[in-house]
Amino acid sequence: MAIYDAEGKIVRINPAAEQITGFQPEDFSASIAERWGKVRVETPDGQPVPHAQVPAFRALRGETVQGELMVLHLVSGRTIWVSVSAAPIRIGWEILGAVATFADLTRVRQMQQEREAFLHSITHDLRTPLTVILGHAELLRPEIEGADLGEMPDINIRSILLAGRQMAKMMEDLVDLAQFEGGKLKVEPEPTDVPAFLADYLKRAQVAMDVSRVAVSLAPDLRWPALADSRTLERILSNLIGNALKYSEDLVTVSVGAAGEEIVISVADKGPGIPPEDLPRIFDRFFRAAGTKGEGLGLGLYITRTLVEAHGGRIWAESTPGEGSTFFFTLPAGIPDKKDTP
């Protein structure tokens with residue numbers, strides 16, 4: 001912890017904060033700009049942090065900062081990951097100084113990187129033999145279906161393909177989880193014609209899911225495209241439509257509409273529904289609602305939520321037990337600037 005006066009000078013600092021920041025006693029009387037000028041400060045994705053955006057500086061302007069994650073490159077050559085919180089010290093409206101707390105997360109970051117490397121290594125090593133299994137199963141499938149071998153061989157080859165695809169999905173979820181929690185999630189939104197994208201996606205997805213049971217409903221007032229990363233949007237649709245088809249044997253309806261400055265997409269099924277007590281938690285990591293089918297790690301909806309929120313969108317679900325569930329998510333609409341429109 002460090003306490004600053006109104007000019008940004010350090011009036012008190014404990015040994016832990018002193019060790020984290022690398023500040024020496026001769027630095028305490030310097031201004032914040034001078035003090036932090038000796039430290040290269042970056043965001044987790046490598047962008048420089050201006051001195052005016054340092055949490056203590058912001059607190060002296062009256063702002064409260066909670067858990068700001070920064071990377072500090074110290075004069076000593078050390079690089080540390082730190083979470084900083086700061087708040088102004090006031091009497092009435094007058095700001096007398098600020099207090100900041102520091103938490104060294106370097107070891108946590110190292111553990112995240114080690115876990116990510118481990119998951120990448122494991123999934124890479126497993127992906128090759130799994131690809132071979134799925135490839136040979138796909139080659140054998142038409143031969144078995146065309147031969148008069150009875151029902152069991154056909155059931156066996158379909159089971160191999162289903163289990164292999166489930167394993168591939170679980171490996172993909174684990175790698176994504178490590179990337180998300182390691183701050184490596186990148187989305188590059190661009191104007192996307194959602195109806196056209198959806199039609200193309202369903203055409204390509206027919207080899208992996210029963211798209212004949214998917215109906216599309218488009219609102220007549222779709223004036224603008226969505227701002228979406230195409231690879232990420234495909235993952236969102238794959239998770240939601242795949243889940244709907246898995247839990248319902250009836251028609252699944254994908255609807256696309258607009259609400260204000262958002263594009264709203266929903267996926268509705270007529271499955272068993274979600275118990276009311278489970279509904280608030282279905283987007284939590286590793287959570288599996290009552291009645292969930294055995295496969296999977298409970299990461300699909302958590303990853304879907306993360307991808308939607310990375311776009312600046314929202315996601316929620318509505319469900320009635322025994323009648324079905326509808327999952328909604330929004331994406332920002334690509335509305336042209338008024339000065340650019342005739």
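- Between Pro88 and Leu60 the shortest side-chain heavy-atom distance does not fall below 4.5 Å.
- Note that NE2 of His311 is 9.0 Å distant from CZ of Phe329, once rounded to the nearest 0.5 Å.
- Ile282 CD1 to Thr304 OG1: the interatomic distance, rounded to the nearest 0.5 Å, is 10.0 Å.
- Within 6.0 Å of the NE2 atom in His136, the count of heavy atoms belonging to other residues, nucleotides or ligands does not exceed 12.
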### Task
Given salt bridge (charged side-chain N to carboxylate O under 4.0 Å, His left out), test Glu262 with Arg314 step by step and report yes or no.
CA-CA 10 Å; Glu262 293 180 317; Arg314 301 172 292 121; 2.7 Å; yes
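- Scanning both residues, Gly257 and Ala219, for their nearest heavy atoms gives CA-CB, 3.8 Å.
- Using cut-offs of 30° and 60° for the angle between ring planes, the Phe327 and Phe283 rings count as perpendicular.
- The hydrophobic cluster containing Met1, built from Ile/Leu/Val/Met/Phe/Trp/Tyr side-chain heavy atoms closer than 4.5 Å, also comprises Ile3, Val11, Ile89, Val99.
- Annotation: the span from Thr330 atom OG1 to Ile263 atom CD1 amounts to 9.5 Å, rounded to 0.5 Å.
- Formation of a donor-acceptor pair under 3.5 Å by the Ser248 side chain with backbone atoms of Ala244 is not found in this model.
- Between the side chain of Asp229 and the backbone N or O of Glu188 there is at least one donor-acceptor pair closer than 3.5 Å.
- Within 6.0 Å of CZ on Arg61 lie more than 12 heavy atoms contributed by other residues, nucleotides or ligands.
- Gly273 approaches Ser319 most closely through the heavy-atom pair CA-OG, 3.3 Å.
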### Task
For side chain to side chain contact (heavy atoms under 4.5 Å, CB included), just list the numbers for Asp104 and Trp81, CA-CA rounded to whole Å, side-chain angles, deciding distance to a tenth of an Å, and then say yes or no.
CA-CA 6 Å; Asp104 188 347; Trp81 286 64; 5.6 Å; no
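- By the 6.0 Å contact criterion, CD on Gln110 is enclosed, its count of non-hydrogen atoms from other residues, nucleotides or ligands being greater than 12.
- Using a 4.5 Å heavy-atom threshold, the side chains of Glu143 and Leu139 count as separate.
- Under the 4.5 Å side-chain heavy-atom criterion for grouping Ile, Leu, Val, Met, Phe, Trp and Tyr, Leu301 is not connected to Phe328 through any hydrophobic cluster.
- If you chain together hydrophobic residues whose side chains sit under 4.5 Å apart, Leu72 and Phe57 fall into the same group.
- Annotation: side chain of Pro272 is not in contact with side chain of Pro321 (no heavy-atom distance under 4.5 Å).
- Here the closest non-hydrogen pair linking Ile274 and Ser325 is CG1-OG, 3.6 Å.
- Put simply, Leu218 and Leu331 are part of the same group of oily side chains (I, L, V, M, F, W, Y) that touch within less than 4.5 Å, one to the next.
- With Arg90 contributing its side chain and Gly97 its backbone, the two residues share no donor-acceptor pair below 3.5 Å.
- Nearest heavy-atom pair, Val264 versus Ala259, reported as atom, atom and distance to 0.1 Å: CG2-CB, 3.9 Å.
- With respect to the salt-bridge test (charged N to carboxylate O, under 4.0 angstrom), the residues Glu68 and Arg58 qualify.
- Connection of Val214 to Leu233 is established within a shared hydrophobic cluster, with ILVMFWY side chains joined at heavy-atom distances below 4.5 Å, either directly or through further cluster members.
- Judged by distance alone, with hydrogens and angles left aside, the side-chain atoms of Asp193 form no donor-acceptor pair with the main-chain N or O of Pro225 at under 3.5 Å.
- Within the 4.5 Å cutoff, side-chain heavy atoms of Val84 are placed close to those of Met70.
- Residues Val82 and Leu105 fail the side-chain proximity criterion, which asks for heavy atoms closer than 4.5 Å.
- A distance-only check finds no donor-acceptor pair linking the side chain of Thr326 to the backbone of Ala268 [under 3.5 Å].
- Put simply, the side chain of Thr192 gets close to the backbone of Glu190: a donor and an acceptor are under 3.5 Å apart.
- Here Asp5 contributes atom CG and Arg12 contributes atom CZ; the two are 13.0 Å apart, rounded to the nearest 0.5 Å.
- Taking 4.5 Å as the limit, every side-chain heavy atom of Pro48 sits out of range of all side-chain heavy atoms of Val41.
- Scanning all heavy atoms of the two residues, the minimum distance from Pro44 to Val71 falls at CA-CG2, 4.1 Å.
- Judged by distance alone, the side chain of Glu138 and the main-chain N or O of Gly135 form no donor-acceptor pair under 3.5 Å.
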### Task
Please assess Arg40 against Glu42 for the test salt bridge (charged side-chain N to carboxylate O under 4.0 Å, His left out), listing each intermediate value before the final yes or no.
CA-CA 7 Å; Arg40 183 158 56 91; Glu42 295 179 346; 2.6 Å; yes
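- Leu140 CG to Ile160 CD1: the interatomic distance, rounded to the nearest 0.5 Å, is 8.0 Å.
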### Message
side chain to side chain contact (heavy atoms under 4.5 Å, CB included) for Ser238 and Tyr201? Distances and angles first, verdict last.
### Response
CA-CA 9 Å; Ser238 175; Tyr201 164 72; 3.3 Å; yes
### Task
Assess whether side chain to side chain contact (heavy atoms under 4.5 Å, CB included) is satisfied between Thr79 and Leu74, documenting all intermediate values.
CA-CA 6 Å; Thr79 296; Leu74 306 181; over 6 Å; no
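- Proximity of Ser217 to Val256: side-chain heavy atoms (C-beta onward) are nowhere separated by under 4.5 Å.
- Taking CZ of Phe197 as the reference point, atom CD1 of Ile265 lies at 9.0 Å (rounded to 0.5 Å).
- At a threshold of 4.5 Å between side-chain heavy atoms, the hydrophobic network of Ile, Leu, Val, Met, Phe, Trp and Tyr places Val267 and Met209 in one connected group.
- With a 4.5 Å cut-off on side-chain heavy atoms, Phe102 and Glu18 do not count as touching.
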### Message
Assess the residue pair Leu96 and Glu94 against the criterion (side chain to side chain contact (heavy atoms under 4.5 Å, CB included)); give the C-alpha distance rounded to whole Å, side-chain angles, the decisive distance to 0.1 Å, and a yes or no.
### Response
CA-CA 6 Å; Leu96 301 182; Glu94 183 182 2; 3.6 Å; yes
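- Checking side-chain atoms of Ser85 against main-chain N and O of Gly67 turns up a donor-acceptor pair under 3.5 Å.
- A salt bridge does not link Arg213 with Glu249: none of the charged nitrogens is closer than 4.0 Å to a carboxylate oxygen.
- Under the salt bridge (charged side-chain N to carboxylate O under 4.0 Å, His left out) criterion, Arg204 pairs with Asp200, Glu234, not counting sequence neighbours.
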